[in-house]
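One-based numbering along the sequence shown.
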Amino acid sequence: MRVLGVDPGLTRCGVGVVEGVAGRPLTMLGVGVVRTSADAELGDRLVAVERGIEAWLDEYSPGYVAVERVFAQHNVRTVMGTAQASAIAMLCAARRGIPVALHTPSEVKAAVTGSGRAEKAQVGAMVTRLLRLDAPPKPADAADALALAICHIWRAPAQNRLQQAVAAHRTSGAPGVSGAPCAPGVSRTPRTSRTPGSSGNTPGVTGTSGTAPGTPGAPGTPRTSGTARTSGASPAPRTLKGRTA
């Protein structure tokens, strides 16, 4: 995986290319800064940023472009310039069909140093160590661009698996399955209501209820439905200790 990291800015736009895969040593292919003059017109500065990024895309042909996500700051003028340079980087990548990923500064710091509140010096030191460089890249914008590329290489596999899992979950629900809507025109089978007094049995059919009256000792004999007890018939004599009651 080859990633071009872009730390957006109008005066200094950091760029860096890193190649490798997660879990293995990474290699820096190039690092630098696209500069524009603060005295130039805004349109000319944006054109200069575009030409600089296009030159890096032509030279290294990255498979991905990682850009720092812009957050609001107290200095509105600074954040506006950063947002404009970020849009130029995304435009250049989209024009070539290169996927663009946005990472927040906290995500980049946490991926490279283990802390989302790390200082720029810590980020530069870890970038130097991870890429096996002789010295931290200068200026700090260049080191931040390399950190963005490293962050994307390490986070992309997990993000891809998560997106695939979400997509599979959305397409797994089939019509007619419990909890899913039925197909149009197909009605659900209504639940059979119980007849009052039937105790859950089939309506009109009397169930077995142990021994029928007058026939002791015959368990399991079904009770005859609709048969009246014989008038005047006395119950069978009860035997008490072998004697007739």
Side-chain angles (χ1 to χ4, degrees), residues 1-35 49-71 82-163:
M1 179 185 294
R2 181 176 294 186
V3 181
L4 171 66
V6 179
D7 182 43
L10 276 181
T11 304
R12 294 186 307 272
C13 182
V15 286
V17 182
V18 178
E19 188 173 48
V21 295
R24 295 185 180 182
L26 306 177
T27 303
M28 184 195 74
L29 301 182
V31 63
V33 175
V34 178
R35 299 178 183 271
V49 171
E50 179 190 15
R51 290 175 178 172
I53 295 178
E54 288 285 356
W56 279 80
L57 294 175
D58 289 337
E59 183 176 357
Y60 293 99
S61 301
Y64 300 88
V65 173
V67 183
E68 182 180 289
R69 186 185 295 273
V70 179
F71 278 89
T82 304
Q84 291 165 345
S86 176
I88 292 297
M90 291 187 285
L91 172 64
C92 293
R95 183 184 295 156
R96 298 169 179 251
I98 302 175
V100 178
L102 300 177
H103 299 286
T104 66
S106 298
E107 289 174 346
V108 176
K109 293 177 182 179
V112 175
T113 68
S115 173
R117 298 182 178 182
E119 301 292 336
K120 282 187 175 294
Q122 293 176 284
V123 174
M126 286 304 300
V127 167
T128 303
R129 180 178 179 181
L130 293 172
L131 298 178
R132 303 178 302 280
L133 305 177
D134 297 332
K138 298 293 183 180
D141 307 88
D144 291 342
L146 293 174
L148 275 159
I150 295 172
C151 173
H152 184 70
I153 291 175
W154 286 353
R155 290 172 60 91
Q159 291 178 340
N160 292 338
R161 288 194 295 268
L162 180 60
Q163 293 174 356

Let me see the working for Val18 and His152 under side-chain contact (heavy atoms from CB on, under 4.5 Å), right down to the final yes or no.
-> CA-CA 10 Å; Val18 178; His152 184 70; over 6 Å; no
Kindly determine whether Thr113 and Val123 satisfy side-chain contact (heavy atoms from CB on, under 4.5 Å), including the steps that lead there.
-> CA-CA 6 Å; Thr113 68; Val123 174; 4.2 Å; yes
Verdict with supporting geometry, Ile150 and Leu131, side-chain contact (heavy atoms from CB on, under 4.5 Å) | CA-CA 9 Å; Ile150 295 172; Leu131 298 178; 4.0 Å; yes
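Side-chain contact between Val6 and Leu148 is absent, with no heavy-atom pair separated by less than 4.5 Å. Counting heavy atoms from C-beta on, the side chains of Leu57 and Pro62 come closer than 4.5 Å.
Closest non-hydrogen pair, Gly30 versus Leu146, comes out as O-CD2, 4.0 Å. Across Pro8 and Ser86, no two heavy atoms sit closer than the pair CB-N, 3.6 Å. For the pair Pro105 and Arg69, the tightest heavy-atom approach, listed with the atom from each and the gap, is CD-O, 3.9 Å. Here the closest non-hydrogen pair linking Val108 and His103 is CG2-CB, 3.9 Å. Smallest separation of non-hydrogen atoms from Arg2 and Leu29: NE-CD1, 3.3 Å. Residue Ala142 comes nearest to Val33 through the heavy atom pair CB-CG2, 4.2 Å, listed as atom of the first residue, atom of the second, then distance.
A search for ring pair (Phe, Tyr, Trp, His ring centres under 6.0 Å) contacts involving Trp154 returns nothing, not counting sequence neighbours.
Evaluation of the salt bridge (charged side-chain N to carboxylate O under 4.0 Å, His left out) test over residues 125-134, restricted to residues two or more places apart or in two chains, returns none.
To the nearest 0.5 Å, atom CD of residue Glu107 and atom CD of residue Glu68 are 10.5 Å apart. A distance of 13.0 Å separates CG in Leu4 from CD in Glu19, rounded to the nearest 0.5 Å. One finds the CD1 atom of Ile98 at 7.5 Å from the OG atom of Ser61 (value rounded to the nearest 0.5 Å). Here OG of Ser106 is found 8.5 Å from CZ of Arg117. Values are rounded to the nearest 0.5 Å.
The backbone N or O of Glu119 lies less than 3.5 Å from a partner atom in the side chain of Gln122, making a donor-acceptor pair. Remark: the backbone N or O of Gly124 is paired with a side-chain donor or acceptor of Thr128 at under 3.5 angstrom.
Contact check on Arg51 versus Asp58 returns no salt bridge, with no Lys/Arg side-chain nitrogen under 4.0 Å from an Asp/Glu carboxylate oxygen. Checked for salt-bridge contact, Glu54 and Arg95 meet the test: a charged N lies under 4.0 Å from a carboxylate O.
Here the rule is side-chain contact (heavy atoms from CB on, under 4.5 Å) with Met28, and of Val127, Leu133, Val17 only Leu133 fits it.
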